[in-house]
Peer 1: 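Below is the structure I would like to discuss, written out as structure tokens.
Just the heavy atoms: all of them, side chains too, but no hydrogens, waters or symmetry mates, feed the values below. Order of the sequence lines fixes the chain letters, A, B, ..., with proteins taken first and strands second; residue numbering starts at 1 for each chain.
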There are 2 protein chains.
Amino acid sequence: MESLTIGQLARQALVNIETIRYYERRGLIPEPPRTESGYRQYSWDAVARIRFIKRAQELGFSLREISELLSLRVDPNTTCADVKKRAEAKIADVEQKIEALQKMKEALTTLVAMCQREQAPTSACPILETLEDGTLP
Amino acid sequence: MESLTIGQLARQALVNIETIRYYERRGLIPEPPRTESGYRQYSWDAVARIRFIKRAQELGFSLREISELLSLRVDPNTTCADVKKRAEAKIADVEQKIEALQKMKEALTTLVAMCQREQAPTSACPILETLEDGTLP
DNA sequence: ATACACCCTGTACCTTAGTACAGGGTCAAG
DNA sequence: CTTGACCCTGTACTAAGGTACAGGGTGTAT
């Protein structure tokens with residue numbers, strides 16, 4: 001199996017066939033070669049590419065940002081300095097996301113710690129009370 | 001001011017009027033009593049309720065999850081442990097994301113370093129594999 | 001040669017979390 | 001008693017990220 005049909009790729013990458021065609025339209029994956037009869041022929045690299053897209057999405061990147069990430073490389077139209085500049089901007093993005101998530105985690109941890117008596121009814125749940133009264137840092 | 005109009009509530013809770021009506025349609029806030037002329041009359045509790053929704057959203061809960069949290073509160077068969085379990089699941093979620101982002105940051109940092117040494121990657125996308133194994137090709 | 005699974009394009013539709021009117025009624029100040 | 005700020009319902013729209021056909025062609029096993 002040296003190349004994959006769109007259906008095989010979809011199963012490998014755990015996405016819908018339509019999603020792959022959608023990514024192609026959005027320019028996130030290159031247009032693959034076609035067979036005589038017009039079927040798309042994917043290489044195994046495409047699996048990794050789609051999995052990257054899915055993972056980056058879970059991390060809060062939009063498809064636009066992901067295509068920026070994927071195009072971080074030198075080519076005739078992109079200089080090394082340009083790649084570096086954009087990579088640095090992405091690092092700042094990523095750092096911001098990490099910070100936001102760390103704050104989220106701290107707040108959630110504080111909430112969980114408030115639950116001393118698990119059998120308390122939810123009507124007296126300190127987690128819910130704290131979310132409501134705005135005393136969470 | 002013993003009750004609030006929708007506009008007053010919106011200002012207090014720092015949301016749009018339309019958002020409040022949207023939350024009502026979604027069942028996130030109860031239908032308030034009306035004046036003779038049909039105006040919604042909110043109690044001050046509604047401010048807390050909307051702040052709860054907003055706060056939980058910031059912590060990564062979707063509106064669907066938030067309405068589950070809210071219905072846990074009025075269900076006499078659930079305990080605080082149920083609430084805690086949901087918060088803990090969110091924490092695990094957030095932790096995973098932080099880890100993946102840290103890998104991505106490392107990959108981007110490596111990429112920047114490669115640019116500095118004039119070893120810019122020129123062909124395949126250099127960060128593609130980072131979310132899988134944290135290395136650069 | 002006939003199912004049946006698969007592929008193609010194109011267009012329409014869905015979800016989430018709201019926003020934005022249109023077309024009308026209400027309330028308080030001047 | 002009019003003006004302006006507010007409220008009502010209902011519908012339509014937004015952006016992002018898909019999903020779901022319809023109507024047709026292809027590939028292969030029996």
Peer 1: Rounded to the nearest angstrom, tell me the gap between atom CG in B/L28 and atom P in C/dG18.
Peer 2: 9 Å

Peer 1: Are OP1 or OP2 of C/dT26 and a side-chain N or O of B/T35 less than 4.0 angstrom apart?
Peer 2: no

Peer 1: Please confirm whether the shortest side-chain N or O distance from A/K54 to OP1 or OP2 of D/dG18 is below 4.0 Å.
Peer 2: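 Answer is yes, contact under 4.0 Å.
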
Peer 1: Whole angstroms only, please: what is the CZ-C1' distance between A/R11 and C/dA5?
Peer 2: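 The answer, rounded to whole Å, is 10 Å.
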
Peer 1: Between B/F61 and B/S37, name the one whose nearest nucleotide on DNA chain C is closer to the 5' end.
Peer 2: B/F61

Peer 1: Nearest whole angstrom, please: distance from the P of D/dA16 to the CZ of A/R64.
Peer 2: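 A/R64 atom CZ is separated from D/dA16 atom P by 7 Å.
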
Peer 1: Write down the distance between CZ (A/R21) and P (D/dA22), rounded to a whole number of angstrom.
Peer 2: 15 Å

Peer 1: Membership question, hydrophobic clusters at under 4.5 Å side-chain separation (ILVMFWY): are A/L63 and A/L14 in the same one?
Peer 2: no

Peer 1: Is there a side-chain polar atom (N or O) of B/T19 under 4.0 Å from OP1 or OP2 of C/dT19?
Peer 2: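 True: B/T19 side-chain N/O within range (under 4.0 Å) of C/dT19 OP1/OP2.
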
Peer 1: If you only use heavy atoms from C-beta on, which nucleotide in D/dG17, C/dG10, D/dC6 is closest to the side chain of B/T5?
Peer 2: D/dC6

Peer 1: Would you kindly compare B/R25 and B/G7 by the position of their nearest DNA chain D nucleotide and give the one closer to the 5′ end?
Peer 2: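 Of the two residues, B/G7 wins.
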
Peer 1: Under a 4.5 Å cut-off applied to non-hydrogen side-chain atoms, are B/L4 and B/Q41 in contact?
Peer 2: no

Peer 1: By nearest atom, which of the nucleotides D/dG18, C/dT26, C/dC21 is closest to the B/E18 side chain?
Peer 2: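 For the B/E18 side chain, the nearest candidate turns out to be C/dC21.
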
Peer 1: From the list C/dG18, C/dC8, D/dG18, which nucleotide is the closest neighbour of the side chain of B/Y22?
Peer 2: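 So the nucleotide nearest the side chain must be C/dG18.
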
Peer 1: Within the structure shown, what part of the strands sits under 4.0 Å from B/S62 by heavy-atom distance: base, sugar-phosphate, or nothing?
Peer 2: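 B/S62: backbone/sugar contact only, no base atoms under 4.0 Å.
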
Peer 1: Between B/E36 and B/Q57, which residue's closest nucleotide on DNA chain C lies nearer the 5′ terminus?
Peer 2: B/Q57

Peer 1: Consider the side chain of B/L63, meaning its heavy atoms from C-beta on, and name the nucleotide among C/dA17, D/dT19, D/dC8 that approaches it most closely.
Peer 2: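 Of C/dA17, D/dT19, D/dC8, C/dA17 is nearest to the side chain of B/L63.
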
Peer 1: Within the supplied structure, the quantity of interest is the number of heavy atoms (other residues, nucleotides, ligands) at a distance under 6.0 Å from A/K90 NZ; does it exceed 12?
Peer 2: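 Yes - once you tally the heavy atoms of other residues, nucleotides and ligands closer than 6.0 Å, there are more than 12.
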
Peer 1: Find the distance between CG (A/D93) and CZ (A/R86) and round it off to the nearest 0.5 Å.
Peer 2: 12.5 Å

Peer 1: Please report the distance, rounded to the nearest Å, between CD1 in A/I17 and P in D/dA22.
Peer 2: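 Answer to the nearest Å: 17 Å.
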
Peer 1: Take atom CD1 of B/I53 and atom C1' of C/dA17, then tell me their distance rounded to the nearest Å.
Peer 2: 12 Å

Peer 1: Would you call A/E106 and A/K103 a salt bridge, using N to O less than 4.0 angstrom?
Peer 2: no

Peer 1: What nucleotide among D/dT9, C/dG10, D/dC7 has an atom nearest to a side-chain atom of B/R40?
Peer 2: D/dT9

Peer 1: Indicate, with a heavy-atom threshold strictly under 4.0 Å, whether A/R26 touches base, sugar-phosphate, or nothing.
Peer 2: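 Sugar-phosphate only.
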
Peer 1: D/dC8, C/dT19, D/dG25: which one has an atom nearest the side-chain heavy atoms of B/R34?
Peer 2: D/dC8

Peer 1: Any side-chain N or O of A/Q8 below 4.0 angstrom from OP1/OP2 of C/dC7?
Peer 2: no

Peer 1: Do B/K85 and B/E88 sit within salt-bridge range, that is, some charged N less than 4.0 Å from a carboxylate O?
Peer 2: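 B/E88 and B/K85: not salt-bridged.
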
Peer 1: Just how far, in rounded Å, is C1' of C/dT9 from CD of A/E24?
Peer 2: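 Answer to the nearest Å: 12 Å.
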
Peer 1: Should the side chain of A/Y23 and the base of D/dG18 be counted as holding a donor-acceptor pair, with the cut-off at 3.5 Å?
Peer 2: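 Under the 3.5 Å cut-off, the side chain and the base do not form any donor-acceptor pair.
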
Peer 1: Figure out the CD/P separation between B/Q41 and D/dC6, and round it to whole Å.
Peer 2: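 B/Q41 atom CD is separated from D/dC6 atom P by 18 Å.
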
Peer 1: Using the side-chain heavy atoms of B/I6, tell me which of these nucleotides is nearest: D/dG17, D/dC7, D/dG27.
Peer 2: D/dC7

